[in-house]
Amino acid sequence: MDWTKVLARRAGRMKASEIRELLKLLDQPDIISFAGGIPDPDLFPSQAYSDAFAATMADNNGHAALQYSVSEGYRPLREWLVGEMEKIGVPCAVDNIMITSGSQQALDYLGKLFLTENDTAAVMRPTYLGALGAFNAYEPRYIPLDPMSNIDPETLKTEAKAAGGAVKFAYLSADFANPTGETLPRDGRERLLDQAEALDCAIIEDGAYQNLRFDGEAIPPILALDIERKGGIENTRTIYCGSFSKTLAPGLRVGWVVAAKPVIDRLVLMKQAADLHSPTLNQIVTNHVARAIFHEHVAKIKAVYASRRDRMLAALEREMPASVSFTRPEGGMFIWLTFDPKLDGADLLAKAVRDEKVAFVPGGAFFADGSGQNTLRLSYSCATDAQIDEGIARIGRILR
Ligand code: PMP
């Protein structure tokens, strides 16, 4: 069977994630890897999950947890999230929240909801690779997003139209972005809202790492600033995607979307058509665990990640040649290195794995336009102090 004859055109834009392919190769015990971007499993609140699963199954023989449920998501969990969103400056109602299977599903649904082929999506250079993967299926064209720059909205609109569509949304992580670890300051968030208003497009705010601030002052989410401007969530243009993956555990696949009702109503229809609802059992268990331990647990994991970040920054200061610059994240899991444009991150990785048994992710994959070859991403989330000291010394040797 020649499958290419029957595949949809959109399948042509689906390709294996370079990172996933790489991670397979790196699964060797003697390699120090800063390539993964996953939470440290030693930090999972396993006992709280065991207790919550047991309690959920004991409740009327688990009838509610094992049954179909509503597409909007488990109401008590959405009610808890209303309280959490309120705390970060996002007053909203239960009906402004839909539960998704991880925030990754929200990105897919939002691509499906907004993008017709040749529509324009503005993304950061670099941006989260999984967002490009989700959006690519809907065949957009990408333009670079730079909240600090001055844009000419009319030119951008004309170009989008000439390409056969319109500017539909800007996508970004405002806090501790994957891959750079960087945070958009408040004035950048305000400017982004101005830009989106001038372009009359939506903003997709990816809050996957938002709870993992180690130091510095918290900045209100873009959605909070949008609500402040508009006097309530119903007049906003920002769609916030949250996740329990980086704080509690990614394996249950529980995330959420917060937005004005017209957006949520359409996402609910989309969810009905796609998978009816996210797993009931996982939502009920997440609700138990979140209510029991969320804040105490997040404080605990932040202390661990912060100390690993400090250790990695200190090692970078010590080991990197002067030509290498790196970000100093206030939270999250990543540090981003930029080096001599004559060097290529992918070549460096091959050399690093072969000669020094150390791994990272070459940065090029995170750029929608194929640039950024002279960058790489490091994650400190799962590394011990000894691995950080030794691994960064090895990367220093490669870069020198
Ligand atoms: N957004 C960003 C920026 C991420 O790094 C990730 C996970 N790598 C996700 C979204 C998706 O996470 P999840 O689906 O587990 O919520």
Side-chain angles (χ1 to χ4, degrees), residues 17-20 22-23 33-41 43-44 73 77 81 84 97-112 121 123-136 145 169-184 203-213 221-223 238-258 267 271 274-275 278-279 282-283 286 289-290 294 298 301 305 327 329-336 361 363 365-368 377-382:
S17 147
E18 265 178 53
I19 297 184
R20 279 191 204 295
L22 269 173
L23 288 177
S33 177
F34 305 123
I38 57 178
D40 185 342
L43 298 174
F44 290 153
L77 179 59
L81 286 166
E84 291 304 301
I97 300 183
M98 182 181 90
I99 304 295
T100 55
S101 297
S103 56
Q104 189 66 32
Q105 185 175 55
L107 299 178
D108 174 44
Y109 286 178
L110 291 167
K112 200 180 202 176
V123 295
M124 304 289 282
R125 303 174 54 249
T127 191
Y128 170 49
L129 190 60
L132 296 179
F135 302 151
N136 281 348
L145 175 63
F169 61 73
Y171 162 81
L172 80 166
S173 263
D175 294 285
F176 331 122
N178 178 0
T180 62
E182 281 176 335
T183 294
L184 185 63
I203 296 173
I204 299 176
E205 178 175 23
D206 184 332
Y209 297 91
Q210 213 242 334
N211 288 104
L212 295 184
R213 174 176 281 284
I222 299 164
L223 178 54
T238 307
I239 301 158
Y240 180 94
C241 306
S243 175
F244 288 106
S245 292
K246 318 295 175 183
T247 48
L248 295 180
L252 282 81
R253 315 302 304 128
V254 183
W256 68 95
V257 185
V258 188
L267 288 175
K271 196 155 177 56
D275 66 349
S278 291
N282 293 0
Q283 295 184 65
T286 300
V289 173
F294 187 79
V298 169
I301 66 171
Y305 290 142
T327 56
E330 293 186 322
M333 298 182 173
F334 305 107
I335 296 175
W336 181 250
V361 180
F366 299 98
F367 288 78
R377 188 192 76 178
L378 298 173
S379 171
Y380 44 80
S381 58
C382 292

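For ligands, and for the atoms within them, numbers begin at 1 and follow the listed sequence.
A side-chain donor-acceptor contact under 3.5 Å links Ser379 to the backbone of Gly36. Within the 3.5 Å criterion, the main-chain N or O of Leu252 finds a donor-acceptor partner in the side chain of Asn282. Between the Ser243 side chain and the Gly102 main chain, no donor and acceptor come within less than 3.5 Å of each other.
In summary, of the residues considered (Phe176, Tyr380, Tyr209), a ring pair (Phe, Tyr, Trp, His ring centres under 6.0 Å) with Phe334 occurs for Tyr209 alone.
Protein heavy atom nearest atom 1 (N) of ligand 1, with residue, atom name and distance: Asp206 OD2, 2.6 Å. Closest to atom 9 (C) of ligand 1, if we only count protein heavy atoms, is Tyr128 OH, 3.4 Å. Of the protein's heavy atoms, Ser103 OG, 3.4 Å lies nearest to atom 11 (C) of ligand 1.
Counting heavy atoms closer than 4.0 Å to ligand 1, residue Phe244 contributes nothing at all.
Comparing heavy-atom distances from atom 8 (N) of ligand 1 across Arg253, Gln105, Lys246, Gln104 singles out Lys246 as nearest.
Of all the atoms in ligand 1, the ones that sit under 4.0 Å from a non-hydrogen atom of Ser243 are 13 (P), 16 (O). Close approach to Ser173 involves these atoms of ligand 1, each under 4.0 Å from a residue heavy atom: 3 (C). Within the listing of ligand 1, atoms 13 (P), 15 (O), 16 (O) sit less than 4.0 angstrom from a heavy atom of Ser245.
Inspection of the Asp275 and Gln105 side chains reveals an N or O donor paired with an N or O acceptor under 3.5 Å. No side-chain donor-acceptor contact under 3.5 Å links Lys271 and Thr100.
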